[in-house]
Structures are given as structure tokens and as C-alpha cells.
Amino acid sequence: MKYKTAGKIRKAISMITVTATVLCVSASYGGVSADDNVTVDDIQQQIAQIEQENEQRRDEINSIEGEISENEENLEKVAQLLSNQKELVDYYNNLVYYKELDIEETEAKIAELETEISDVEAQIAEAEQQVAELEAENAENLEKFAEIVRAMYMQSDADLFGILAGSNNFYEMSVGTEVLNNITEKNLEFMNQLTADIEQLAEYKSQLETQKQQLADTKEDYIAQQQKLEDERDELISLQDDSQAAVNSYQNDYNNYQAAIKELESQQSHLSYLISVSNEEIEALEYEIKQLILAQQKPADSSELQDGAEWMWPLSTGFTMITCHYGWDADWGRWHNGTDIAGGGIYGANIYATKGGTVIVANASYGYNGGYGMYVVVDHGGGYTSLYAHMSGVAVYEGQEVSQGDVLGYVGDTGWASGPHLHFEIRINGDATDALGYVSVPY
């Protein structure tokens, strides 16, 4: 039975466009661009675009992984079918081989019978020749005997001539009359022997004819047997050909699945490489943001932190659920520079300044275009800054002095976000650090 594949073998995966949501956003600062007109927002949009492309690539990698698994399953099935079919071909090969041997053996028997028949025919011909010779001799002797009979007839045996005239040979005459009583013993012995030889040859010839017929009948039986064997062989060869055709088909499927898997693995590797390169590009862009922010900060040694040493939780105490910590983000395969805080009913909640300072970024126009969305950066002096991203609205302006606990904006889901949450960062001289090392989660 020919195996039919469950679906068309995949040989290429095309690029697709998807609308994706982010469970955990990894955002960071950057550095001074060669173009003085480039803003943090511009760079964030580039990062958001790259992140979106990487998400598409990850989706494709997952899709390809499924394709590879499906092709590997089909490859295993075809490999088993191919193995079974090859065994079937070998089985038919053996059957054909032994059937050929049977045919050769039958042909040999037919040839042997034909030789035997030829020998018998030669013996029959020889017997016929001998009978003809004996009959000729018998006729000659009968003619000689007729001379004797005529002589005897002249001596008064009137009935003998009529007997002689009605006899075909000496044997018939000798049976039908007492004439032999009047022949000399020597002549009688000769004639009797001749008659016996003729009868024996006739019987021998009859036996040979019977033997010849038996051999001919046996030959016909073997010919019929040979024809049957040849028909069986031809049928086996047909089955063998069908099996070989199935082997070729399965081998072709096997090769195609192998090629498809190799192609998919190559695409998967290429996509992973593109993600790696894109992550490096993101790091470079984040470095540019870092440099831009640093350029707006007060010198690290210009002042101490304002409002004391304590840092305030940036939301009300009702919102404490952390959905993504600072550090490696396995979902995105890259480093997450902030702490994501979410919870039921958080949308629109006030976002408070964790420390007093100067607002150096107040992006209220970024909207949903990617990255941080609407966000605020506060410079606390001493090299410290804090960032609040994905706002639904911004309540401050650049250059504004704020105190700890002042409302900076409201929780939203603008930018590259999976839902309403606050992406909160604390940086020292532009380098991200774990915010939970400064602020405590209220319980």
C-alpha cells in the first residue's frame, strides 16, 4: 500500500506580519547620536520597531519548530515504511529466484524427456527396420517354401495349394494346416524361429510406442507445469516491480522530508542570528539614549540626593504585583532593565516621584508608537535618575522641579506593552540597576 503524506512537505517559511503584545518590556537609556537632532523618542521608536521585528522572528521560530517536529514525525513514519517495503522487495526477489530455479529444473526434465523420446523413436525406427527385414526374409522364405509345397502338391496333396494361396505368411499357413508335418524338421525349425522373431519385434515395437506415448504425456505435463511456473514468476516480478516503485516513492518522500528539515533548521538558525544582531543593535541604541539622558543630568558630584536617603514606592500601596523583574527575560531572550508593576484596576492610577528632582524628559506625545510610550525621566542628582514608562498621560513638563510623592503621570499601556502597567527604572550614571535595591514593596 502506497503511503500518502499527511500534508505537503514544507520547504520554506515566509515572513509574516503579526500584531503582538508584550508581557514584559525591556527598556533602557542610550547615548549621544551623531545627529544632534535625534531625540530619545526617535531612538525609542527604532528600538520598538526592532523589538516588534524580533517578536515576529520568535513567532516564526516557534512555528518552524512545529514544522520541524511534524516533518521529523513524517520522516520517521516514511523511514519505517521504506524499511518494510525494502524487506518486501527482498522477499519477492527470493521468491522469483527460487521460482526461476523451479523453471530451470522443469526445463531440464523436459529436455531429458525429449532425449528419452528421441531414443525411443530411434529404437522404434530400428525395430521397424528389423521387422521390415524379417518380413522381407519371411516373404523370401515363403517363396522358397512354395516351391516345396508345389513339389509336394505334385505328389498328391491337393488341399495344400489352396491353403498356401489363402495365407499371407508362413505363420498363418502353419497354424491353419498340417502341412508342417510334411516339411523337414530343419525347414520347420527355421520357419518357426522366423515367425517368433517377427512376433517378438512386433510386440517390442508396440511396447516402444506405448512408452513413447507415456513419455509424450509426461512431457506435456511438464510443459504445463513450466507454463504455470512462468505465470507465477511473472506475477511475482510484477509484485516485485510494484514494491520497488513504492520503495522509490518512499525514498523520494524521505529525501524531501530531510531536505525540508534542513531548510527549516537553516531558516531557524538565520532568524536566531537576526535576533542576536538586532539585540546588539538595541544595545547600541540604548547606549545612545543613555548618553542623551546623561547629557541632561546634573554632574554626578554636583549635589547629594534630595529629600533624604529613602526612596518611595512609585504607586499607591494597593498596587504591588510585580509582573517582570529586573534581569534576564527568558521570554524575550534579552536583559530587562526595569521592574514592571501591574494589578487589577491599575489603569489611570497616579504615578509618584520616587525621589525629588528635576524632570529632564516628559514625553506626552509618543502615544502608542512603540518603546516606552508616554514616559517621564527625573534627575535626582548625584548621578541618579528614575524612569516611569507606558503612561496614559503625563502630568509634568521638562525642567519642572518635583518633590518625592508628586504625581508625574498616570498608569497606562502606551508604547510596547502587553497591558496597563508601570515600567519603573532607577539608574546610576545611566547604568540600569535593580530598583528593588532602593525601593521596598509595601505590604
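No hydrogens, no waters, no symmetry mates; every other heavy atom, side chains included, goes into these values.
Judged purely by atom type and a 3.5 angstrom limit, Ser272 uses its side chain to pair as donor or acceptor with the backbone of Gln268. Here the side chain of Thr320 pairs no donor or acceptor atom with the backbone of Val441 at under 3.5 angstrom. His390 places no side-chain N or O within donor-acceptor distance of the main-chain N or O of Gly412, the cut-off being under 3.5 Å. In this structure a side-chain-to-backbone donor-acceptor pair under 3.5 Å is missing from Glu425 to Ser386.
In this view, Glu121 and Lys212 satisfy the side chain to side chain donor-acceptor pair (under 3.5 Å) rule, not counting sequence neighbours. Residues passing the side-chain contact (heavy atoms from CB on, under 4.5 Å) test with Tyr97, sequence neighbours excluded: Leu101. Contacts of Glu133 classified as side-chain contact (heavy atoms from CB on, under 4.5 Å), with partners at least two apart in sequence or in another chain: Gln129. With sequence neighbours left out, Glu116 forms a side-chain contact (heavy atoms from CB on, under 4.5 Å) with Glu112, Leu113, Leu215. Asn62 is linked by a side-chain contact (heavy atoms from CB on, under 4.5 Å) to nothing, counting only residues two or more places apart in sequence or in another chain.
Surrounding OH of Tyr222 are at most 12 heavy atoms belonging to other residues, nucleotides or ligands under 6.0 Å away. Heavy-atom contacts from other residues, nucleotides or ligands closer than 6.0 Å to CD of Glu265 number more than 12. Few gaps surround CD on Glu398; more than 12 heavy atoms of other groups in view lie less than 6.0 Å from it.
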Query raised in the report: How far apart are the C-alpha atoms of Glu76 and Gln80, what are their side-chain angles, what is the distance that settles it, and do they pass the side chain to side chain donor-acceptor pair (under 3.5 Å) test?
Result: CA-CA 6 Å; Glu76 184 177 352; Gln80 185 60 52; over 6 Å; no

Report task. Show the numbers, then the answer: is there a side chain to side chain donor-acceptor pair (under 3.5 Å) between Gln226 and Glu230? Result -> CA-CA 6 Å; Gln226 178 184 359; Glu230 288 175 348; 3.2 Å; yes

Report task. Would you check, one step at a time, whether the test side chain to side chain donor-acceptor pair (under 3.5 Å) holds for Asp231 with Gln227? Result -> CA-CA 6 Å; Asp231 291 342; Gln227 185 60 51; 3.0 Å; yes

Report task. May I have the step-by-step check of side-chain contact (heavy atoms from CB on, under 4.5 Å) for Leu408 and Tyr352, ending in yes or no? Result -> CA-CA 6 Å; Leu408 302 177; Tyr352 304 109; over 6 Å; no

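With hydrogens and angles left out, the side-chain atoms of Gln211 and Gln207 include no donor and acceptor closer than 3.5 Å. A donor-acceptor contact under 3.5 angstrom links the side chains of Asp217 and Gln213, judged on distance only. If you check the side chains of Asn248 and Gln244, you find a donor sitting under 3.5 Å from an acceptor. A donor-acceptor pair shorter than 3.5 Å can be found between the side chains of Glu263 and Gln267.
Between Arg233 and Asp102 there is no side-chain heavy-atom pair separated by less than 4.5 Å.
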With a cut-off of 3.5 Å and sequence neighbours excluded, list every side-chain donor-acceptor pair involving residues 432-439.
unit_1 : atom_1 : unit_2 : atom_2 : d
Asp434 : OD1    : Leu436 : N      : 3.1

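The aromatic ring centres of Tyr388 and Phe424 sit less than 6.0 Å apart.
Note on Lys109 versus Glu105: salt bridge recorded, some NZ/NE/NH1/NH2 to OD/OE distance being below 4.0 Å.
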